[in-house]
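Scope of the values below: all heavy atoms of this structure, side chains included, with no hydrogens, waters or symmetry mates. Computed from a predicted structure; not experimentally measured. Numbers here simply count residues along the sequence, with the first being 1.
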Amino acid sequence: MTEGTTSPSPSVEATDAAEGGDTLTRLEQEGEIAADYLEGLLDIADLDGDIDMDVEADRAAVSIISDSTSRDLQKLVGRDGEVLEALQELTRLAVHRETGDRSRLMLDIAGFRARKREELAELGAKAAEEAKGSGEPVKLKPMTPFERKVVHDAVAAAGLRSESEGEEPQRCVVVLPA
């Protein structure tokens, strides 16, 4: 007599791959919704710009770029990226309205956020060197959550720890010596 056989359960790797594929599809969908929303915004504002979509570090990334003078797009960046931050939140809300899920979408306009990321990574590396050299914590000026994240990553890459302290909008990064 033979024993009954059961179908094998899916392997953990296959399940993880399927979940990874689902996540990628979900993030691509977020990017599409965001692109449609931003296209409408550009039309209303009568601004030229191309939408570029990608998935970076488990979040949808959408960029508005322009071949012509980016001066027009600077209006959408605003002073110190304030308008960009507001547009990012509005775009996240548009995605939430369509999907029902909270979005961590990252928006960049005219390369502002990419340039800012480079500057902040350099700042984090310099602060880490200063903390290593002096043996004292180094407190940086208040930053947005995006800015703090970039600095924390740069400090970790330099082999040190950092933490955020304070309350918004005065929350800042403190780089701790080894």
Side-chain angles (χ1 to χ4, degrees), residues 23-128 138-157 162-175:
T23 299
L24 184 61
T25 302
R26 182 180 54 76
L27 294 175
E28 289 171 344
Q29 178 190 18
E30 282 186 18
E32 291 289 336
I33 294 166
D36 290 345
Y37 176 78
L38 292 166
E39 279 287 344
L41 180 85
L42 289 173
D43 287 345
I44 290 168
D46 195 28
L47 296 172
D48 290 327
D50 295 321
I51 309 289
D52 184 36
M53 295 177 295
D54 200 2
V55 174
E56 298 173 359
D58 295 332
R59 65 171 55 185
V62 179
S63 300
I64 301 175
I65 53 177
S66 178
D67 292 334
S68 65
T69 173
S70 61
R71 186 172 255 174
D72 285 343
L73 290 182
Q74 290 305 316
K75 296 173 188 173
L76 297 179
V77 173
R79 187 173 50 97
D80 295 326
E82 290 173 341
V83 176
L84 171 60
E85 290 290 331
L87 288 174
Q88 178 174 278
E89 285 307 309
L90 289 171
T91 305
R92 286 176 174 176
L93 287 171
V95 170
H96 181 266
R97 185 185 66 221
E98 292 291 321
T99 65
D101 294 326
R102 182 179 174 275
S103 173
R104 295 178 53 233
L105 176 128
M106 185 66 70
L107 176 63
D108 192 6
I109 298 174
F112 175 84
R113 209 176 283 275
R115 288 188 302 277
K116 190 76 166 173
R117 183 178 283 124
E118 288 176 17
E119 292 170 11
L120 290 166
E122 191 174 307
L123 175 67
K126 285 180 182 176
V138 175
K139 185 174 183 176
L140 302 175
K141 65 179 180 55
M143 298 179 188
T144 67
F146 162 76
E147 293 169 335
R148 290 194 308 269
K149 169 79 168 95
V150 174
V151 171
H152 285 305
D153 290 347
V155 170
S162 59
E163 53 190 40
S164 293
E165 71 176 34
E167 299 294 323
E168 296 293 351
Q170 297 301 312
R171 197 156 170 80
C172 61
V173 174
V174 179
V175 181

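- The minimum heavy-atom distance between Ala127 and Val138, with the atom names listed, is O-CG2, 3.9 Å.
- Between Met143 and Leu123 the shortest side-chain heavy-atom distance falls below 4.5 Å.
- Going from atom CZ of Arg104 over to atom CG of Leu27 covers 9.0 Å, rounded to the nearest 0.5 Å.
- The shortest side-chain heavy-atom distance between Leu42 and Leu76 falls under the 4.5 Å cut-off.
- Looking only at distances, a side-chain donor or acceptor of Glu147 sits under 3.5 Å from a matching main-chain atom of Thr144.
- Defined by atom type and a distance below 3.5 Å, a donor-acceptor pair is present between the side-chain atoms of Gln88 and Arg113.
- Interatomic distance, Leu107 CG to Phe146 CZ, rounded to the nearest 0.5 Å: 11.0 Å.
- Two residues are said to be in side-chain contact when any heavy atoms from C-beta on lie closer than 4.5 Å; Glu39 and Ile51 meet this criterion.
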| message | Would Leu73 and Ile64 count as a side chain to side chain contact (heavy atoms under 4.5 Å, CB included) here? Give the steps. | response | CA-CA 8 Å; Leu73 290 182; Ile64 301 175; 3.9 Å; yes
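- The CG atom of Leu47 sits 8.0 Å away from atom CG of Leu41, with the distance rounded to the nearest 0.5 Å.
- Counted within 6.0 Å of CG on Asp43, heavy atoms from surrounding residues, nucleotides or ligands total more than 12; the atom is thus considered enclosed.
- Using a 4.5 Å heavy-atom cutoff, the side chains of Arg148 and His152 are in contact.
- Put simply, the side chain of Asp153 never gets that close to the backbone of Ala157: no donor and acceptor are under 3.5 Å apart.
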| task | Determine, stepwise, if the pair Glu118 / Arg115 fulfils salt bridge (charged side-chain N to carboxylate O under 4.0 Å, His left out). | result | CA-CA 5 Å; Glu118 288 176 17; Arg115 288 188 302 277; over 6 Å; no
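- Counting only residues at least two apart or on different chains, the side chain to side chain donor-acceptor pair (under 3.5 Å) pairs with a member in residues 27-36 are Arg26-Glu30, Glu30-Ser103.
- One finds the CZ atom of Arg97 at 7.5 Å from the OH atom of Tyr37 (value rounded to the nearest 0.5 Å).
- A salt bridge is absent between Glu167 and Arg171; no separation between the charged side-chain nitrogens and carboxylate oxygens falls under 4.0 Å.
- Interatomic distance, Ile109 CD1 to Leu38 CG, rounded to the nearest 0.5 Å: 7.5 Å.
- Under the 4.5 Å side-chain criterion, counting only non-hydrogen atoms from C-beta, Asp101 is not in contact with His96.
- Residues passing the side chain to side chain contact (heavy atoms under 4.5 Å, CB included) test with Glu165 are Lys139, Cys172, Val174, sequence neighbours excluded.
- Counting only heavy atoms from C-beta outward, the side chains of Val62 and Thr91 never approach each other to under 4.5 Å.
- Annotation: side chain of Asp72 is not in contact with side chain of Asp48 (no heavy-atom distance under 4.5 Å).
- Between the CG atom of Leu84 and the CD atom of Glu89 there is a distance of 10.5 Å, given to the nearest 0.5 Å.
- Considering only heavy atoms from C-beta on, Arg92 stays 4.5 Å or farther from Val95 through its side chain.
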